[in-house]
Amino acid sequence: MIINNEEINIDDLVDQKYMHKEINKNIFLSDYQCEVLLNYNINPYKCGSVDDILFQIEEVLEDDPDADELENISREISEFNYYANTNK
């Protein structure tokens, strides 16, 4: 299916690897996000907070500004954290 001029696989929208689950206290990530983080030597299972993960991502991005996949994961994590943990 084409949405906004991009080919989107509908099956990906319900694939379990993209569903968030709690990996540590108050840290919710998908299997895909964990996989990408581990590819950049960021172990989310050893991080104490979402802020710790985001800090480590920023350090990697400073050295490798072309890590688009990691930058996308950073945005996803920030957005999820905002909606899940910000009093509105």
Side-chain angles (χ1 to χ4, degrees):
M1 170 182 280
I2 297 186
I3 300 174
N4 293 333
N5 297 324
E6 288 187 44
E7 182 65 33
I8 305 295
N9 183 349
I10 298 299
D11 294 331
D12 283 346
L13 298 176
V14 293
D15 192 332
Q16 286 301 309
K17 77 177 191 176
Y18 296 110
M19 299 299 167
H20 287 87
K21 58 187 166 205
E22 190 170 20
I23 63 163
N24 278 340
K25 185 173 175 123
N26 293 323
I27 299 177
F28 293 85
L29 299 174
S30 68
D31 289 340
Y32 173 72
Q33 291 170 330
C34 289
E35 180 182 312
V36 171
L37 291 170
L38 290 168
N39 285 341
Y40 287 94
N41 297 317
I42 300 170
N43 188 339
Y45 302 101
K46 292 185 177 181
C47 293
S49 68
V50 171
D51 291 333
D52 187 20
I53 293 171
L54 293 171
F55 178 76
Q56 290 185 45
I57 290 172
E58 289 304 316
E59 286 185 329
V60 171
L61 291 175
E62 285 178 9
D63 295 334
D64 186 3
D66 295 327
D68 295 333
E69 189 175 34
L70 186 61
E71 190 170 346
N72 290 336
I73 294 300
S74 177
R75 271 189 248 120
E76 290 174 9
I77 293 170
S78 294
E79 185 175 313
F80 185 88
N81 186 52
Y82 173 79
Y83 286 108
N85 298 315
T86 302
N87 292 329
K88 296 164 204 70

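Just so it is clear, the values below take in all heavy atoms, side chains as well, and ignore hydrogens, waters and symmetry mates. For clarity, every value in this text was computed on a predicted model and none was experimentally measured.
- Smallest separation of non-hydrogen atoms from N24 and P44: ND2-O, 3.3 Å.
- If you chain together ILVMFWY residues whose side-chain heavy atoms come under 4.5 Å of each other, F80 ends up grouped with F28.
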Please walk me through it: do I57 and L37 pass side chain to side chain contact (heavy atoms under 4.5 Å, CB included)?
-> CA-CA 8 Å; I57 290 172; L37 291 170; 3.6 Å; yes
I would like to know whether N72 and V36 meet side chain to side chain contact (heavy atoms under 4.5 Å, CB included); could you show each step before the answer?
-> CA-CA 10 Å; N72 290 336; V36 171; over 6 Å; no
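- For residues 43-54, every residue pair satisfying the side chain to side chain donor-acceptor pair (under 3.5 Å) rule, not counting sequence neighbours, is listed here: D52-Q56.
- Applying the side chain to side chain donor-acceptor pair (under 3.5 Å) rule to E69 yields the partners Y32; only residues at least two apart in sequence or on another chain are considered.
- The nearest pair of heavy atoms linking G48 to I27 is C-CD1, 3.9 Å.
- Expressed to the nearest 0.5 Å, how far CG of L54 lies from CD1 of I73 amounts to 11.5 Å.
- Annotation: ring pair (Phe, Tyr, Trp, His ring centres under 6.0 Å) contacts of F55 (sequence neighbours excluded): none.
- In terms of modelled atom types and a separation under 3.5 Å, the side chain of S74 and the main chain of L70 share no donor-acceptor contact.
- Residues that satisfy the salt bridge (Lys or Arg N to Asp or Glu O under 4.0 Å) test with E71, not counting sequence neighbours, are R75.
- Residues meeting the side-chain contact (heavy atoms from CB on, under 4.5 Å) test with D64, sequence neighbours left out: Y40, D66, A67.
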